[in-house]
Amino acid sequence: MSIIVSDPADLDKMRAACQAAAATLDFLGTHVRAGITTAELDALCKDFITNTLHVESATVGYAPPGYPPFPGAICTSVNHVICHGIPGDKALKNGDILNIDVTVIKDGWFGDTSRMYYIGEPSILAKRLVETTYECMWLGIDMVKPGIRLGDIGHVIQQHAESKNYSVVREYCGHGIGQKFHQDPQVLHYGKPGTGVELKPGMIFTIEPMINAGRRDIRTLPDQWTVVTRDRSLSAQWEHSILVTDTGYEVLTISPDMPAPPAFVKGHQA
């Protein structure tokens, strides 16, 4: 059952949590460079969210059934890592691509967003994958308005990724969010038009496509968290948290250093 948030005070709390998450990615982006380790980025994140933003990490110690506690305040997924990369002592190098995913809790509300970063100069293939994945996310976002169905969002994302000969990861998806980290609805990044849950004003969920340059098959590493492409092809992901409004959508995790939406975005944002 999808949660509807209609109280203006609650919506303002959710906006504040999402803005804190987005501000964290803006801050971390100033430190992403060749030579820094993902553990160092995690330490910077922990200090920033604790001492500057005065919010709480949603992921430190997070342990869903069957998982060990996650140690980081961010997931750091490099190159062929799809998601849930654990920060560690490996230094980033020129040409790497990096996804940083952060979720914070502010006044009981969860803000969740992720972003891709280039370390130095990426390959043409890597850049094209990252840009296409960004387009996929925004194509999904720009579909959002009352009355459309989640299958419509999944379909437009899948269609765009596959038109570029990329593949969509099926095992992980977007999710409802608010006073819980993960709740209904599940937002698949593939699907058929006209199927799935119908959107209503007050729904809040993430759109976070994971797109692979090769096949969609995945493998989970022995740490039980890190998910990689089985064929070791590159993978990219972007994520925003979205509120369904009366007339369209509001992107809750926009921030000053976020790349501009693609030119095709019509913008039901209201």
Side-chain angles (χ1 to χ4, degrees), residues 16-64 66-106 109-120 122 126 130 133 172 175 177 181-182 206 208 210 218-229 234-241 253 255-259:
C18 286
Q19 284 297 296
T24 303
L25 292 186
D26 282 0
F27 165 75
L28 290 173
T30 65
H31 295 278
V32 172
R33 54 173 171 76
I36 198 168
T37 68
T38 51
E40 288 171 325
L41 289 172
D42 187 57
L44 286 165
C45 176
K46 287 172 178 170
D47 179 69
F48 181 73
I49 65 176
T50 302
N51 297 316
T52 300
L53 297 182
H54 307 293
V55 298
E56 181 185 345
S57 169
T59 55
V60 174
Y62 179 61
Y67 288 81
F70 192 84
I74 48 176
C75 298
T76 50
S77 301
V78 183
N79 294 337
H80 70 291
V81 179
I82 296 169
C83 60
H84 303 159
I86 296 174
D89 59 6
K90 190 172 181 181
L92 298 171
K93 64 184 188 302
N94 184 56
D96 285 344
I97 59 172
L98 166 69
N99 177 272
I100 299 180
D101 191 341
V102 64
T103 308
V104 301
I105 310 168
K106 181 176 173 64
W109 293 80
F110 288 74
D112 187 6
T113 184
S114 87
R115 193 176 300 179
M116 295 298 299
Y117 299 87
Y118 298 136
I119 291 76
V130 169
T133 306
Y172 297 93
H175 52 88
I177 191 166
F181 192 170
H182 296 99
T206 68
E208 49 180 301
M210 293 159 233
I218 72 168
R219 185 166 67 88
T220 304
L221 298 188
D223 65 27
Q224 299 179 57
W225 277 107
T226 306
V227 180
V228 300
T229 56
L234 292 175
S235 187
Q237 180 190 19
W238 294 84
E239 176 185 14
H240 273 314
S241 293
T253 40
S255 62
D257 290 350
M258 185 77 197

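- Under the 4.5 Å side-chain criterion, counting only non-hydrogen atoms from C-beta, I82 is not in contact with V228.
- Considering only heavy atoms from C-beta on, Y117 comes within 4.5 Å of L25 through its side chain.
- S235 and T229 make their closest contact through CB-CG2, 4.0 Å (heavy atoms, listed as atom of the first residue, atom of the second, distance).
- H84 is not listed as a side-chain neighbour of T226, based on a closest heavy-atom distance of 4.5 Å or more.
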From CA spacing to verdict: side chain to side chain contact (heavy atoms under 4.5 Å, CB included), F27, L44: CA-CA 9 Å; F27 165 75; L44 286 165; 4.1 Å; yes
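- Looking at every heavy atom in both residues, S57 comes nearest to V60 through OG-N, 3.2 Å.
- Taking the six-membered ring where the residue is Trp, W225 and Y62 present tilted rings, their angle falling between 30° and 60°.
- Atom CG of N51 has more than 12 neighbouring heavy atoms from other residues, nucleotides or ligands inside a 6.0 Å radius.
- The CD1 atom of I100 sits 10.5 Å away from atom SG of C75, with the distance rounded to the nearest 0.5 Å.
- The aromatic rings of F181 and H175 stand perpendicular to each other, their planes meeting at an angle above 60°, with 30° marking the opposite boundary.
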Quick one: do I74 and T59 satisfy side chain to side chain contact (heavy atoms under 4.5 Å, CB included)? Show the steps, please. CA-CA 7 Å; I74 48 176; T59 55; over 6 Å; no
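- Checked options T253, D26, D101; the residue passing with R115 is D26 (criterion: side-chain hydrogen bond (donor to acceptor under 3.5 Å, both in side chains)).
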Go through the steps for T76 and I86 under the test side chain to side chain contact (heavy atoms under 4.5 Å, CB included), then give the verdict. CA-CA 6 Å; T76 50; I86 296 174; over 6 Å; no
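- Formation of a donor-acceptor pair under 3.5 Å by the D42 side chain with backbone atoms of G72 is not found in this model.
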Can you check side chain to side chain contact (heavy atoms under 4.5 Å, CB included) on K90 and V78, steps first, answer last? CA-CA 10 Å; K90 190 172 181 181; V78 183; over 6 Å; no
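- Between W109 and A17 the shortest heavy-atom distance is O-CB, 3.4 Å.
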